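Written out below as structure tokens is the structure these notes cover.
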There are 2 protein chains.
Amino acid sequence: MKDNFLNYNNYVSVDCVVLGYNEVENKLQVLLIKQKGPAPNTSELFKPQFAIPGDLIKEEESLDEAAARILEDLANVKGLFLEQFYTFGHPDRVKDPKDADWLSTRRKDPLARVITVAYLALVRIDQINPSAGYFAEQTVWRSIKKIPKLAFDHNTIVAKALDIIREHPEQHIVGRELLPNKFTLSQLQNLYEVIQNKELDKRNFRKSIKNNEYLITLDEKQKGVLHKPAQYYAFKKPKK
Amino acid sequence: MKDNFLNYNNYVSVDCVVLGYNEVENKLQVLLIKQKGPAPNTSELFKPQFAIPGDLIKEEESLDEAAARILEDLANVKGLFLEQFYTFGHPDRVKDPKDADWLSTRRKDPLARVITVAYLALVRIDQINPSAGYFAEQTVWRSIKKIPKLAFDHNTIVAKALDIIREHPEQHIVGRELLPNKFTLSQLQNLYEVIQNKELDKRNFRKSIKNNEYLITLDEKQKGVLHKPAQYYAFKKPKK
DNA sequence: ATACTTATTGTATTTTGTACAATAAGTGAT
DNA sequence: ATCACTTATTGTACAAAATACAATAAGTAT
């Protein structure tokens, strides 16, 4: 049975697609990091690229824990929505020459294969404070409509995350994750429109959303707006 | 940046939940292997368990290729429906003492963590010929209603696969995978009933299934049956 | 011709999705 | 107090899809 004895190394990482929303700009954005070089100005060859945050898993942590750690390191928040959605493991996914410099500063064996388990995270942009961590020069939010060329196969990973959230927005109860604790139905509708990238009819949207078992009407209205004040709503906590 | 240099080993495997169906027994079954010991009768300690087929990935193959290889080794078939559905990587998932003996015959480092990418495969039981391979003493089909205790976390993996096929049977076009090339609507309905574990109304089932763009009516009927012969149907090939 | 078995089909009802516009409730200006 | 302005809120008619329910059809065997 020698066949099955491992004689090469697999790196395993977790990459997080962090989707953020704020009502003012009314845009869905993805959190990117600018890769950090080996040391300031020591390598003229190193061309930092944008990437989604990710890291190799540690020996004693589960995949879910790794995703939470990466997100916490980066955004200083805990307890966010996090969902594993796909694992990318093509042998060549880290073999592109453009990625070689960065890998050589980070890996004992820069050519070794890296299998990455991808997670989706939903956050309110105004609730978190992304900070460049030990693995990032800086962090930036970018509209999902203007995503630059990313390192490795990260464009593919982001695209798959967007497919998933668009397929089942109500399943992810995106409202709970991406809106303030109290919100109006117009805010909720704006969010759905941004995610689905199409306009929805107000009356029909309200009819359908009111079937949502988690939506509750608060005893509070908007104040100080230059128009009819809107009713506030909230989401119930799920049971689990 | 020493933090990120890997100083431990991750094994990465692919495990396949192979679901099979045959119309005679009208049961959905899962393909299990009986683990093979190090050598016949040399280890009195080794207690073989049932498990789903899986194997460590090879250095040059993608995850999809690994799944196809495992299935081909086991079942001597190619080109079956295969879908990645979840990755299991808890640090303790291979640490149960009951699994230690088997691992010690298979791994340089039996205590090392194994991250496994799980795939779902759908097969027609009468079309494949499972053969005990280099990693199995024997293979058996077991009804999904009577799954024994399996090695590692394989019961959890099978349960998740069943959740997925039940959620979206039509998305997996289970008919194409689990029925003969030509079939009657009653056969198709039986299959759906077994998967969803509930009875369906004949008239309503037929109304809904006939919206399926892939279903075509053949120019052929049953022969030699003791009742009104049924029309045969088939599925169109998907475009892709 | 009859008994038997499974295949096939329709209708009424409910629920859900879609298209579409008038009225309500605040603010600030006059 | 009235009016202009802005966004919030709601209903109705129609189409499409889901559900409940039973009679007739087409073979075989006797």
Side-chain angles (χ1 to χ4, degrees), chain A residues 22-26 166-171 175 179-235, chain B residues 22-26 166-171 173-175 179-235:
Chain A
N22 82 45
E23 303 111 62
V24 183
E25 294 185 78
N26 198 30
R166 282 177 177 144
E167 241 179 296
H168 305 292
E170 71 296 336
Q171 188 172 312
L179 288 177
N181 290 329
K182 60 181 186 186
F183 52 86
T184 68
L185 292 185
S186 295
Q187 286 179 296
L188 186 57
Q189 181 173 351
N190 283 336
L191 172 59
Y192 270 72
E193 287 179 337
V194 166
I195 289 174
Q196 293 178 31
N197 197 27
K198 68 176 178 188
E199 296 200 344
L200 303 172
D201 179 85
K202 286 183 187 186
R203 287 157 292 191
N204 296 336
F205 176 77
R206 279 158 193 256
K207 246 180 294 182
S208 67
I209 202 70
K210 282 183 175 171
N211 290 331
N212 187 311
E213 56 172 331
Y214 293 111
L215 186 68
I216 54 180
T217 308
L218 297 180
D219 194 20
E220 189 183 352
K221 289 186 178 183
Q222 274 184 330
K223 280 184 181 168
V225 287
L226 298 185
H227 53 78
K228 174 172 176 179
Q231 181 72 46
Y232 279 123
Y233 292 81
F235 280 111
Chain B
N22 82 45
E23 304 109 62
V24 183
E25 293 185 79
N26 197 32
R166 281 176 178 144
E167 242 179 295
H168 304 291
E170 72 296 337
Q171 187 172 310
I173 321 185
V174 293
L179 289 176
N181 290 329
K182 61 181 184 185
F183 52 86
T184 68
L185 292 184
S186 296
Q187 286 179 296
L188 186 58
Q189 182 174 349
N190 283 336
L191 172 57
Y192 270 71
E193 288 179 337
V194 167
I195 289 175
Q196 293 177 32
N197 197 27
K198 67 176 179 188
E199 296 200 344
L200 302 171
D201 179 84
K202 285 183 187 186
R203 287 158 291 192
N204 296 336
F205 176 78
R206 281 159 191 254
K207 247 182 290 183
S208 67
I209 202 69
K210 282 183 176 173
N211 291 330
N212 188 311
E213 56 172 331
Y214 294 110
L215 186 68
I216 53 181
T217 308
L218 296 180
D219 195 20
E220 189 181 353
K221 289 187 178 183
Q222 274 183 329
K223 280 184 181 169
V225 287
L226 297 186
H227 52 79
K228 174 173 176 178
Q231 182 71 46
Y232 279 123
Y233 293 81
F235 281 111

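Chain letters run A, B, ... following the sequence lines, proteins first and then strands; every chain starts at 1. Small disclaimer: the values here were computed from a predicted structure and weren't measured.
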Select one nucleotide: of D:dA29, C:dA7, D:dT9, the one nearest the side-chain heavy atoms of A:Lys202.
D:dT9
Take the protein atom CZ of B:Phe205 and the nucleotide atom C1' of C:dG10, then report the distance between them rounded to whole Å.
18 Å
A:Ile209 CD1 - C:dT16 C1' separation (whole Å)
15 Å
Base, sugar-phosphate alone, or nothing: which one does B:Lys223 contact when heavy atoms must sit under 4.0 Å apart?
nothing
Hey, does B:Gln231 reach any base, or is it just sugar-phosphate, or nothing, if we go heavy atoms under 4.0 Å?
sugar-phosphate
NZ of B:Lys198 versus P of D:dA20: gap in Å, rounded?
10 Å
Rounded to whole Å, NZ of A:Lys210 lies from P of C:dT16 at a distance of 16 Å
Identify which nucleotide among C:dC20, D:dG27, C:dA25 has an atom closest to any side-chain atom of B:Pro229, counting heavy atoms from C-beta outward.
D:dG27
Minimum-distance nucleotide (side-chain atoms of A:Asn204 versus C:dA24, D:dG27, C:dA19)
C:dA19
Spacing between B:Leu200 atom CG and D:dA18 atom P, to the nearest angstrom
13 Å
Report the distance from atom CZ of B:Arg206 to atom P of C:dG10, rounded to the nearest whole Å.
12 Å
So, is B:Lys207 close to the D:dC21 phosphate, meaning a side-chain N or O under 4.0 Å from OP1 or OP2?
no
Are the side chain of B:Gln231 and the backbone of B:Leu218 linked by a donor-acceptor contact shorter than 3.5 Å?
yes
If each of A:Asp201 and A:Lys228 is mapped to the nucleotide of DNA chain D with the nearest heavy atom, which maps nearer the 5' terminus, i.e. the 5' end?
A:Lys228
If you compare all heavy atoms of A:Thr184 against all heavy atoms of A:Ala230, which two are closest, and at what distance to 0.1 Å?
CG2-CB, 3.6 Å
Check: A:Leu185 and A:Lys210 side chains under 4.5 Å, non-hydrogen atoms
yes
Do the side chains of A:Tyr192 and A:Leu200 get nearer than 4.5 Å, heavy atoms only?
yes
With heavy atoms under 4.0 Å as the rule, sort B:Ser186 into base, sugar-phosphate or nothing.
sugar-phosphate
Respond yes when some side-chain nitrogen or oxygen of B:Arg203 is under 4.0 Å from OP1 or OP2 of D:dA20, and no when none is.
no
For the pair made of CG in A:Leu188 and P in D:dT9, what is the distance, rounded to whole Å?
12 Å
Where do B:Gln189 and B:Asp201 come nearest, in terms of heavy atoms and distance?
NE2-C, 3.9 Å
Nearest to the side chain of B:His227 - C:dT27, D:dT9, C:dA7?
C:dA7
Would you classify A:Asn211 as touching base, sugar-phosphate or nothing, given that sugar-phosphate means primed atoms plus P, OP1 and OP2, and contacts are heavy atoms under 4.0 Å?
nothing
Starting from the 5' end of DNA chain D, give me the residue, A:Thr184 or B:Lys221, whose nearest nucleotide shows up first.
A:Thr184
Side chain of B:Leu226: nearest nucleotide among C:dT8, D:dA8, D:dA29?
D:dA29
